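In what follows, a structure is listed as structure tokens, so that the remarks can point back to it.
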Number of protein chains: 2
Amino acid sequence: MAFAEVFTALADPTRRHIFEALRDQPKSVGQLAADQPVTRPAVSQHLKVLEFARLVSVQPQGNRRFYSIKRDGLDELRQYLDSFWSDALSAYGAEIARRMKNK
Amino acid sequence: MAFAEVFTALADPTRRHIFEALRDQPKSVGQLAADQPVTRPAVSQHLKVLEFARLVSVQPQGNRRFYSIKRDGLDELRQYLDSFWSDALSAYGAEIARRMKNK
DNA sequence: GCCTTCCGTAAGCCATGACTTACCAATATG
DNA sequence: CATATTGGTAAGTCATGGCTTACGGAAGGC
């Protein structure tokens, strides 16, 4: 049930913004907070949740802590998603669609 | 930003249970509530959220309303997820991993 | 060594949201 | 018809969680 934390983490808009801000490069907490409408401690708390969901990882560098995207959480989410893509479900969906049309 | 509602919908455990209970066949509200630790009105409210997220659809049948899984919401989620699977990100991830090792 | 920068944690506030009971409308059943 | 099923909605309660300010500790610069 590892995907649970991923859903929780990405359900919050601010947390998604932070996560997406890391798409192209690692950033320090201060850098991340600068682009957010919330204070730095709030960003810190969000990063904690994202880290717990295995969506980001930290790399301390002197004074600062650089966060970057980690694929583990995304992998788990994708795995969950894939389990709904079975042929059985597709066939079932088509059947429903057919019934709806014939109403 | 259609995926936002999907994240919100699937972030709640009860809502995920309801959603997953529809994997193999459509079910009425009463049927769904019977397998949940919450009351029927609660299930109704959850179904409303799931429907808004385009994760389920309704098909009234006489007295009852049969809910079934709808792929739209899942498609949107998958699309969002895929946007993080670019080669650029993979390359970047590998680079980070390399740096971490050389620490 | 002293002050600044960077950031995590604690404590408290407040809105949101997940639940309940109570109610009502619509369809089924006798 | 009268009563029972089925299920959506309203209203109210309560816990959770997202935010703030305040603080402390660790590394950088003079």
Side-chain angles (χ1 to χ4, degrees), chain A residues 1 3-22 25-70 73 99-100 103, chain B residues 1 3-22 25-70 73 103:
Chain A
M1 314 270 185
F3 52 83
E5 294 87 2
V6 181
F7 276 123
T8 304
L10 294 180
D12 182 75
T14 306
R15 219 139 48 206
R16 268 203 311 276
H17 290 153
I18 294 174
F19 181 62
E20 291 164 7
L22 294 172
Q25 55 174 325
K27 286 180 181 160
S28 68
V29 179
Q31 280 178 290
L32 286 169
D35 283 339
Q36 300 296 329
V38 297
T39 61
R40 188 193 46 73
V43 173
S44 261
Q45 289 159 12
H46 283 310
L47 286 167
K48 200 164 150 190
V49 176
L50 288 169
E51 192 178 8
F52 184 66
R54 289 165 295 273
L55 285 166
V56 303
S57 61
V58 211
Q59 195 178 356
Q61 203 163 326
N63 210 8
R64 293 176 284 181
R65 313 190 74 207
F66 283 90
Y67 283 86
S68 52
I69 284 189
K70 189 162 133 187
R99 272 194 229 161
M100 300 268 283
K103 176 178 162 124
Chain B
M1 314 274 183
F3 53 83
E5 294 88 3
V6 181
F7 277 123
T8 304
L10 294 180
D12 182 75
T14 306
R15 219 141 46 207
R16 268 202 311 276
H17 292 153
I18 295 175
F19 181 63
E20 291 165 8
L22 295 173
Q25 54 174 327
K27 285 179 181 160
S28 69
V29 179
Q31 281 178 290
L32 286 168
D35 283 339
Q36 299 297 328
V38 297
T39 60
R40 187 192 46 72
V43 173
S44 262
Q45 290 159 12
H46 282 310
L47 285 167
K48 201 162 148 191
V49 176
L50 287 169
E51 193 179 7
F52 184 67
R54 289 165 294 275
L55 285 165
V56 303
S57 62
V58 211
Q59 195 179 0
Q61 201 162 325
N63 210 6
R64 293 177 286 181
R65 314 189 75 208
F66 284 91
Y67 283 85
S68 53
I69 283 188
K70 189 163 135 188
K103 174 183 168 120

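Note on naming: letters A, B, ... go to the chains in the order of the sequence lines (proteins, then strands), and numbering restarts at 1 for each one. The shown structure was predicted, so the numbers you read here are calculated from the model rather than taken from an experiment.
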Please enumerate all protein N or O atoms sitting under 3.5 Å from an N or O of nucleotides 20-22 of chain D, with distances to 0.1 Å.
residue: D:dT20; atom: OP2; partner: A:T39; partner atom: N; Å: 2.9
residue: D:dT20; atom: OP2; partner: A:T39; partner atom: OG1; Å: 2.6
residue: D:dT20; atom: O4; partner: A:Q45; partner atom: NE2; Å: 3.1

> What is the distance, rounded to the nearest whole Å, between atom CG of B:L32 and atom C1' of D:dG7?
Replying inline: 12 Å
> Who pairs with B:Q45 by side chain to side chain contact (heavy atoms under 4.5 Å, CB included), at least two apart in sequence or on another chain?
Replying inline: none
> Atom CZ of B:R64 to atom P of D:dG8: distance rounded to whole Å?
Replying inline: 13 Å
>> A:L55 and side-chain contact (heavy atoms from CB on, under 4.5 Å): which single residue from A:I69, A:V49, A:L10, A:L22 fits?
In response: A:L10
>> Go nucleotide by nucleotide along DNA chain D from the 5' end; which of B:V43 and A:H46 gets its closest nucleotide reached first?
In response: B:V43
> In Å, rounded to the nearest 0.5 Å, how long is the span from CG of B:L47 to CG of B:L32?
Replying inline: 6.0 Å
>> Is the phosphate of D:dG7 approached by B:S28 (side-chain N or O, under 4.0 Å from OP1 or OP2)?
In response: yes
> Once you round it to whole Å, what is the distance between P of D:dT6 and CG of B:L47?
Replying inline: 16 Å
>> Can you give me the closest heavy-atom contact between B:F19 and B:V56, atom names plus distance?
In response: CD1-CG1, 4.1 Å
> Whole Å only: how far is the CD atom of B:Q59 from the P atom of D:dG7?
Replying inline: 14 Å
> Sub-3.5 Å donor-acceptor pair from the side chain of B:R15 to the main-chain atoms of B:T8, do we have one?
Replying inline: yes
> Near DNA chain D, under 4.0 Å by heavy atom, which residues of residues 10-18 of chain B?
Replying inline: none
>> Looking at every non-hydrogen atom in both residues, tell me the closest pair between A:A11 and A:R16 and how far apart they are.
In response: O-NH1, 3.6 Å
>> To the closest 0.5 Å, what do you measure between CD (A:Q61) and CZ (A:F66)?
In response: 5.0 Å
> Which atom pair, heavy atoms only, marks the closest approach of A:S57 to A:K70?
Replying inline: CB-CD, 3.7 Å
>> Can you list everything that forms a side chain to side chain contact (heavy atoms under 4.5 Å, CB included) with B:T14? Sequence neighbours excluded, please.
In response: B:D12, B:I18, B:Q36, B:V38, B:H46
> Between which nucleotides of DNA chain C, read 5' to 3', does contact with chain B run, using atoms under 4.0 Å from its heavy atoms?
Replying inline: C:dA18 to C:dA28
Between the protein and nucleotides 27-30 of chain D, are there any N/O to N/O pairs under 3.5 Å, and if so, what are the atom names and distances?
none

> What is the minimum heavy-atom distance between A:V6 and A:A53, and which atoms define it?
Replying inline: CG2-O, 3.7 Å
> What heavy-atom pair brings A:A33 and A:R40 nearest, and what distance separates the two atoms?
Replying inline: CB-CA, 3.9 Å
